[in-house]
Amino acid sequence: MKKIFFGIICSVFVSAAAFGTQGYVFTADNPNPKQTVIKSQSINIPYGQYLQFYNLDADRIGADYIYLKHSEESVFFKSLSKEDKENYKYVKKIQKLIAKNQWSEVFSQYPNFYPAYLQYYEYCYNNKDYIEALRILHKIKNLDTGGKIYSQSVLNKAFAQLYYQTGQYQNALQYYKMYETTEDDYILMQIAKCYYNTGDYSSAINYCNKLKNQTYEAKEIIYDSYMRMKDFKNADKYAKELLKLEFSYKNLMRVQANEKDERARLSYCYH
(Lines give C-alpha, C1' and ligand atoms only; values in the text may rest on other atoms or scores of the structure.)
Protein backbone atom coordinates (compact mmCIF):
# COMPACT_ATOMS: atom_id res chain seq x y z
CA MET A 1 0.00 0.00 0.00
CA LYS A 2 1.48 3.27 -1.08
CA LYS A 3 1.81 5.86 1.66
CA ILE A 4 2.89 9.47 1.50
CA PHE A 5 4.14 10.82 4.79
CA PHE A 6 3.84 14.46 5.71
CA GLY A 7 5.91 16.20 8.34
CA ILE A 8 9.06 15.41 10.15
CA ILE A 9 9.84 11.80 10.88
CA CYS A 10 10.14 10.83 14.50
CA SER A 11 13.86 10.07 14.30
CA VAL A 12 14.60 13.77 13.97
CA PHE A 13 13.68 14.38 17.57
CA VAL A 14 16.85 13.26 19.24
CA SER A 15 16.70 15.42 22.34
CA ALA A 16 14.21 16.53 24.95
CA ALA A 17 14.29 20.02 23.44
CA ALA A 18 13.01 18.80 20.06
CA PHE A 19 10.41 21.03 18.39
CA GLY A 20 6.88 20.00 17.63
CA THR A 21 4.85 19.71 14.45
CA GLN A 22 2.07 17.67 12.95
CA GLY A 23 2.23 14.95 10.34
CA TYR A 24 -0.31 13.90 7.74
CA VAL A 25 -0.75 10.49 6.12
CA PHE A 26 -2.64 9.61 2.94
CA THR A 27 -3.39 6.03 1.95
CA ALA A 28 -5.08 4.56 -1.08
CA ASP A 29 -8.01 3.40 1.08
CA ASN A 30 -8.30 6.58 3.07
CA PRO A 31 -7.81 9.74 0.97
CA ASN A 32 -8.61 11.97 3.93
CA PRO A 33 -5.52 13.09 5.81
CA LYS A 34 -5.08 11.63 9.25
CA GLN A 35 -3.47 14.15 11.53
CA THR A 36 -0.88 12.88 14.01
CA VAL A 37 0.93 14.95 16.60
CA ILE A 38 4.62 14.02 16.74
CA LYS A 39 5.80 16.41 19.48
CA SER A 40 3.99 19.04 21.48
CA GLN A 41 6.72 21.58 22.13
CA SER A 42 6.90 24.80 20.17
CA ILE A 43 9.14 25.53 17.22
CA ASN A 44 11.48 28.42 17.87
CA ILE A 45 13.96 28.43 15.00
CA PRO A 46 13.70 30.81 12.02
CA TYR A 47 10.88 29.65 9.71
CA GLY A 48 10.43 26.55 11.85
CA GLN A 49 6.67 26.60 11.27
CA TYR A 50 7.29 25.57 7.65
CA LEU A 51 9.12 22.36 8.51
CA GLN A 52 5.83 20.45 8.65
CA PHE A 53 5.86 20.44 4.85
CA TYR A 54 9.19 18.60 4.68
CA ASN A 55 10.61 15.24 5.66
CA LEU A 56 13.86 15.37 7.61
CA ASP A 57 16.23 12.62 8.63
CA ALA A 58 18.16 12.90 11.89
CA ASP A 59 21.27 11.37 10.31
CA ARG A 60 21.25 13.18 6.96
CA ILE A 61 21.46 16.94 6.63
CA GLY A 62 18.86 17.90 4.07
CA ALA A 63 15.12 18.52 3.65
CA ASP A 64 12.81 16.64 1.29
CA TYR A 65 9.91 18.80 0.23
CA ILE A 66 6.71 16.74 0.05
CA TYR A 67 5.41 17.06 -3.50
CA LEU A 68 1.74 16.17 -3.97
CA LYS A 69 -0.42 15.28 -6.92
CA HIS A 70 -3.20 17.75 -7.58
CA SER A 71 -5.87 15.45 -6.09
CA GLU A 72 -3.78 14.80 -2.98
CA GLU A 73 -3.01 18.49 -2.55
CA SER A 74 -6.69 19.39 -2.78
CA VAL A 75 -7.62 17.05 0.05
CA PHE A 76 -4.60 18.06 2.11
CA PHE A 77 -5.27 21.78 1.67
CA LYS A 78 -8.81 21.46 3.07
CA SER A 79 -7.41 19.96 6.27
CA LEU A 80 -5.19 22.95 7.02
CA SER A 81 -5.91 25.89 9.26
CA LYS A 82 -6.06 29.34 7.68
CA GLU A 83 -2.54 30.09 8.90
CA ASP A 84 -1.14 26.81 7.61
CA LYS A 85 -2.76 27.37 4.21
CA GLU A 86 -0.81 30.61 3.91
CA ASN A 87 2.34 28.84 5.10
CA TYR A 88 1.84 26.10 2.52
CA LYS A 89 1.47 28.66 -0.30
CA TYR A 90 4.58 30.44 0.92
CA VAL A 91 6.59 27.20 0.85
CA LYS A 92 5.34 26.29 -2.64
CA LYS A 93 6.49 29.66 -3.96
CA ILE A 94 10.00 29.06 -2.62
CA GLN A 95 10.11 25.49 -3.85
CA LYS A 96 9.40 26.61 -7.41
CA LEU A 97 12.61 28.64 -7.32
CA ILE A 98 14.55 25.79 -5.73
CA ALA A 99 13.32 23.38 -8.42
CA LYS A 100 15.02 25.65 -10.97
CA ASN A 101 18.21 25.91 -8.82
CA GLN A 102 17.68 29.65 -8.51
CA TRP A 103 19.45 29.74 -5.18
CA SER A 104 20.57 33.37 -5.27
CA GLU A 105 16.95 34.48 -5.70
CA VAL A 106 15.82 32.18 -2.91
CA PHE A 107 18.25 33.61 -0.37
CA SER A 108 17.86 37.23 -1.47
CA GLN A 109 14.06 37.08 -1.30
CA TYR A 110 13.75 34.69 1.64
CA PRO A 111 16.81 35.16 3.84
CA ASN A 112 17.26 32.67 6.66
CA PHE A 113 14.59 30.29 5.31
CA TYR A 114 15.90 27.24 7.15
CA PRO A 115 14.54 24.43 4.90
CA ALA A 116 16.14 26.07 1.85
CA TYR A 117 19.55 26.04 3.52
CA LEU A 118 19.14 22.33 4.23
CA GLN A 119 18.30 21.68 0.58
CA TYR A 120 21.12 23.89 -0.69
CA TYR A 121 23.61 22.13 1.57
CA GLU A 122 22.63 18.80 0.09
CA TYR A 123 22.75 20.25 -3.44
CA CYS A 124 26.30 21.56 -2.91
CA TYR A 125 27.50 18.35 -1.27
CA ASN A 126 26.09 16.14 -4.02
CA ASN A 127 27.80 18.35 -6.60
CA LYS A 128 31.09 18.14 -4.66
CA ASP A 129 31.17 21.87 -4.00
CA TYR A 130 32.54 21.20 -0.54
CA ILE A 131 33.73 24.75 0.12
CA GLU A 132 30.22 26.13 -0.38
CA ALA A 133 28.70 23.22 1.56
CA LEU A 134 30.99 24.08 4.48
CA ARG A 135 29.86 27.70 4.41
CA ILE A 136 26.23 26.64 4.41
CA LEU A 137 26.79 24.15 7.22
CA HIS A 138 27.97 27.01 9.44
CA LYS A 139 24.78 28.89 8.51
CA ILE A 140 22.61 25.86 9.35
CA LYS A 141 24.27 25.52 12.73
CA ASN A 142 23.83 29.23 13.50
CA LEU A 143 20.15 29.22 12.54
CA ASP A 144 19.42 26.31 14.84
CA THR A 145 21.28 27.57 17.89
CA GLY A 146 19.51 25.22 20.28
CA GLY A 147 20.34 22.11 18.28
CA LYS A 148 16.66 21.18 17.95
CA ILE A 149 16.93 19.68 14.46
CA TYR A 150 20.33 17.99 14.28
CA SER A 151 22.39 16.68 17.15
CA GLN A 152 25.82 18.15 17.80
CA SER A 153 27.31 14.78 16.85
CA VAL A 154 25.74 14.84 13.38
CA LEU A 155 26.98 18.39 12.78
CA ASN A 156 30.48 17.65 14.12
CA LYS A 157 30.91 14.68 11.80
CA ALA A 158 29.68 16.73 8.85
CA PHE A 159 32.20 19.47 9.71
CA ALA A 160 34.97 16.87 10.00
CA GLN A 161 34.17 15.43 6.59
CA LEU A 162 33.94 18.81 4.87
CA TYR A 163 37.15 20.10 6.43
CA TYR A 164 38.85 16.93 5.22
CA GLN A 165 37.38 17.26 1.72
CA THR A 166 38.62 20.86 1.49
CA GLY A 167 42.14 19.96 2.63
CA GLN A 168 41.83 21.62 6.06
CA TYR A 169 43.27 18.61 7.83
CA GLN A 170 44.06 20.23 11.17
CA ASN A 171 40.46 21.41 11.50
CA ALA A 172 39.16 18.01 10.41
CA LEU A 173 41.41 16.35 12.97
CA GLN A 174 39.92 18.38 15.82
CA TYR A 175 36.46 17.09 14.96
CA TYR A 176 37.39 13.47 14.24
CA LYS A 177 39.32 13.18 17.50
CA MET A 178 36.14 13.95 19.44
CA TYR A 179 35.01 10.44 18.51
CA GLU A 180 38.19 8.39 18.66
CA THR A 181 37.09 6.76 21.93
CA THR A 182 34.32 5.00 19.97
CA GLU A 183 37.11 2.90 18.43
CA ASP A 184 35.22 3.03 15.15
CA ASP A 185 37.54 1.98 12.30
CA TYR A 186 36.24 4.71 9.98
CA ILE A 187 37.00 7.45 12.52
CA LEU A 188 40.42 6.01 13.35
CA MET A 189 41.27 5.77 9.65
CA GLN A 190 40.24 9.37 9.04
CA ILE A 191 42.43 10.49 11.95
CA ALA A 192 45.34 8.53 10.48
CA LYS A 193 44.80 10.16 7.07
CA CYS A 194 44.65 13.62 8.64
CA TYR A 195 47.94 13.02 10.44
CA TYR A 196 49.52 11.68 7.27
CA ASN A 197 48.40 14.72 5.28
CA THR A 198 49.80 17.08 7.92
CA GLY A 199 53.16 15.28 7.88
CA ASP A 200 52.86 13.65 11.30
CA TYR A 201 53.82 10.22 10.01
CA SER A 202 54.45 8.52 13.35
CA SER A 203 50.92 9.44 14.50
CA ALA A 204 49.51 8.23 11.19
CA ILE A 205 51.18 4.84 11.75
CA ASN A 206 49.95 4.75 15.34
CA TYR A 207 46.30 5.23 14.34
CA CYS A 208 46.52 2.76 11.46
CA ASN A 209 47.73 0.20 13.99
CA LYS A 210 44.66 0.84 16.15
CA LEU A 211 42.33 -0.44 13.44
CA LYS A 212 40.49 -3.65 14.20
CA ASN A 213 40.64 -4.54 10.50
CA GLN A 214 43.69 -3.05 8.82
CA THR A 215 42.78 -2.31 5.22
CA TYR A 216 44.98 -2.17 2.14
CA GLU A 217 44.77 1.63 2.27
CA ALA A 218 45.98 1.62 5.88
CA LYS A 219 48.98 -0.53 4.97
CA GLU A 220 49.79 1.87 2.15
CA ILE A 221 49.76 4.78 4.58
CA ILE A 222 52.04 2.88 6.95
CA TYR A 223 54.42 1.96 4.14
CA ASP A 224 54.62 5.49 2.78
CA SER A 225 54.96 6.97 6.28
CA TYR A 226 57.94 4.72 7.01
CA MET A 227 59.47 5.68 3.68
CA ARG A 228 59.11 9.38 4.44
CA MET A 229 60.65 8.78 7.87
CA LYS A 230 63.49 6.89 6.12
CA ASP A 231 62.75 3.78 8.16
CA PHE A 232 63.45 1.49 5.22
CA LYS A 233 63.44 -1.73 7.24
CA ASN A 234 59.81 -1.30 8.29
CA ALA A 235 58.92 0.14 4.91
CA ASP A 236 60.22 -3.04 3.28
CA LYS A 237 58.08 -5.16 5.62
CA TYR A 238 54.91 -3.37 4.56
CA ALA A 239 55.94 -3.27 0.90
CA LYS A 240 56.05 -7.07 0.94
CA GLU A 241 52.67 -7.23 2.70
CA LEU A 242 51.19 -4.99 0.02
CA LEU A 243 52.68 -7.19 -2.72
CA LYS A 244 51.01 -10.24 -1.18
CA LEU A 245 47.70 -8.44 -1.14
CA GLU A 246 48.01 -7.03 -4.65
CA PHE A 247 50.51 -8.25 -7.23
CA SER A 248 51.13 -5.09 -9.24
CA TYR A 249 53.99 -3.16 -10.83
CA LYS A 250 53.68 -0.46 -8.18
CA ASN A 251 54.08 -2.95 -5.36
CA LEU A 252 56.94 -4.76 -7.12
CA MET A 253 58.79 -1.46 -7.37
CA ARG A 254 58.11 -0.75 -3.70
CA VAL A 255 59.75 -4.01 -2.67
CA GLN A 256 62.56 -3.57 -5.18
CA ALA A 257 63.34 -0.08 -3.85
CA ASN A 258 64.19 -1.45 -0.40
CA GLU A 259 65.93 -4.65 -1.46
CA LYS A 260 69.68 -4.51 -0.82
CA ASP A 261 70.61 -7.71 -2.62
CA GLU A 262 71.31 -6.88 -6.28
CA ARG A 263 70.14 -10.24 -7.63
CA ALA A 264 66.91 -10.02 -5.64
CA ARG A 265 66.36 -6.45 -6.87
CA LEU A 266 66.63 -7.64 -10.47
CA SER A 267 64.23 -10.50 -9.85
CA TYR A 268 61.54 -8.03 -8.77
CA CYS A 269 62.21 -5.89 -11.83
CA TYR A 270 61.63 -8.82 -14.18
CA HIS A 271 58.62 -10.45 -12.51
Side-chain angles (χ1 to χ4, degrees), residues 4-15 17-24 38 43-68 73 76 84 86-169 171-172 174-176 190:
I4 303 176
F5 291 90
F6 297 85
I8 301 171
I9 62 175
C10 293
S11 61
V12 171
F13 306 102
V14 293
S15 70
F19 62 85
T21 185
Q22 294 177 321
Y24 302 86
I38 298 175
I43 303 168
N44 63 352
I45 66 169
Y47 299 95
Q49 69 271 32
Y50 301 110
L51 287 171
Q52 64 181 303
F53 305 115
Y54 297 85
N55 280 333
L56 306 183
D57 186 321
D59 298 319
R60 176 181 66 86
I61 297 173
D64 296 326
Y65 174 64
I66 303 165
Y67 288 94
L68 301 175
E73 185 178 63
F76 173 62
D84 277 345
E86 293 304 313
N87 289 341
Y88 183 65
K89 291 177 184 177
Y90 186 82
V91 167
K92 278 193 71 176
K93 189 185 300 184
I94 299 172
Q95 286 301 142
K96 285 181 181 179
L97 294 174
I98 290 175
K100 299 175 184 177
N101 290 328
Q102 295 178 343
W103 298 105
S104 59
E105 291 183 43
V106 170
F107 296 124
S108 63
Q109 294 180 40
Y110 309 98
N112 295 335
F113 185 74
Y114 186 79
Y117 280 99
L118 297 179
Q119 290 178 300
Y120 185 50
Y121 170 85
E122 195 166 37
Y123 172 82
C124 292
Y125 190 88
N126 289 340
N127 285 282
K128 299 183 178 180
D129 187 351
Y130 300 124
I131 293 175
E132 181 68 353
L134 183 58
R135 184 182 74 82
I136 296 303
L137 187 60
H138 280 288
K139 181 73 174 180
I140 289 168
K141 181 180 179 181
N142 290 337
L143 287 173
D144 180 21
T145 54
K148 296 175 180 60
I149 311 299
Y150 296 103
S151 69
Q152 193 62 51
S153 176
V154 168
L155 291 173
N156 286 343
K157 289 174 182 177
F159 275 119
Q161 191 169 14
L162 287 173
Y163 277 127
Y164 183 85
Q165 294 284 10
T166 55
Q168 300 179 66
Y169 301 115
N171 287 336
Q174 291 177 22
Y175 281 96
Y176 281 128
Q190 289 302 109

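Residues take their numbers from the sequence shown, with the count starting at 1.
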Kindly indicate, with the supporting measurements, whether the criterion side-chain hydrogen bond (donor to acceptor under 3.5 Å, both in side chains) is fulfilled by Q161 and Y125.
-> CA-CA 11 Å; Q161 191 169 14; Y125 190 88; 2.8 Å; yes
For the pair L51 and I149, evaluate side-chain contact (heavy atoms from CB on, under 4.5 Å) and give the outcome as yes or no after the intermediate values.
-> CA-CA 10 Å; L51 287 171; I149 311 299; 3.9 Å; yes
Starting from the C-alpha separation in whole Å, work towards a yes-or-no answer on side-chain hydrogen bond (donor to acceptor under 3.5 Å, both in side chains) for Q52 and D84.
-> CA-CA 9 Å; Q52 64 181 303; D84 277 345; 3.0 Å; yes
With side-chain contact (heavy atoms from CB on, under 4.5 Å) as the test, would you mind laying out the steps for D57 and D64 before giving the verdict?
-> CA-CA 9 Å; D57 186 321; D64 296 326; over 6 Å; no
Run the ring-ring contact (aromatic ring centres under 6.0 Å, His included) check on Y164 and Y130 step by step: do they pass?
-> CA-CA 10 Å; Y164 183 85; Y130 300 124; over 10 Å; no
Stepwise side-chain contact (heavy atoms from CB on, under 4.5 Å) test for F113 and Y90 | CA-CA 11 Å; F113 185 74; Y90 186 82; 4.0 Å; yes
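Atom SG of C124 is separated from atom CG of L162 by 10.0 Å, given to the nearest 0.5 angstrom. The structure places CD1 of I140 at 11.0 Å from NE2 of H138, a figure rounded to the nearest 0.5 Å.
V154 and A58 get closest at one heavy-atom pair: CG2-O, 3.4 Å. Residues Y121 and A158 share a closest heavy-atom pair of OH-CB, 3.9 Å. The two residues Y150 and G62 have their closest heavy-atom pair at OH-O, 3.1 Å. In terms of heavy-atom proximity, A116 sits nearest to I98 at CB-CD1, 4.0 Å.
Between F53 and F76, the closest side-chain pair of non-hydrogen atoms falls below 4.5 Å. Counting only heavy atoms from C-beta outward, the side chains of Q95 and Q119 approach each other to under 4.5 Å. Under the 4.5 Å side-chain criterion, counting only non-hydrogen atoms from C-beta, V91 is not in contact with Y110. Y88 is listed as a side-chain neighbour of E73, based on a closest heavy-atom distance under 4.5 Å. Taking 4.5 Å as the limit, every side-chain heavy atom of Y54 sits out of range of all side-chain heavy atoms of L118. Contact of the Y123 side chain with the I136 side chain is not registered, since no non-hydrogen atoms from C-beta on lie closer than 4.5 Å. K157 is not listed as a side-chain neighbour of Y176, based on a closest heavy-atom distance of 4.5 Å or more. By the 4.5 Å heavy-atom criterion applied to side chains, L134 and Q165 are not counted as neighbours.
Among residues two or more places apart in sequence or in another chain, the side-chain hydrogen bond (donor to acceptor under 3.5 Å, both in side chains) test is passed with N156 by Q152, Y179.
Between Y163 and Y175, the angle of the ring planes stays under 30°, which puts this pair in the parallel group of the 30/60° scheme.
Pairs passing the salt bridge (Lys or Arg N to Asp or Glu O under 4.0 Å) check and including a residue from residues 120-138, sequence neighbours excluded, read R60-E122, E132-R135.
For Y50 and Y114, the distance between ring centers is not under 6.0 angstrom.
For the pair S108 (side chain) and E105 (backbone), a donor-acceptor distance under 3.5 Å is present.
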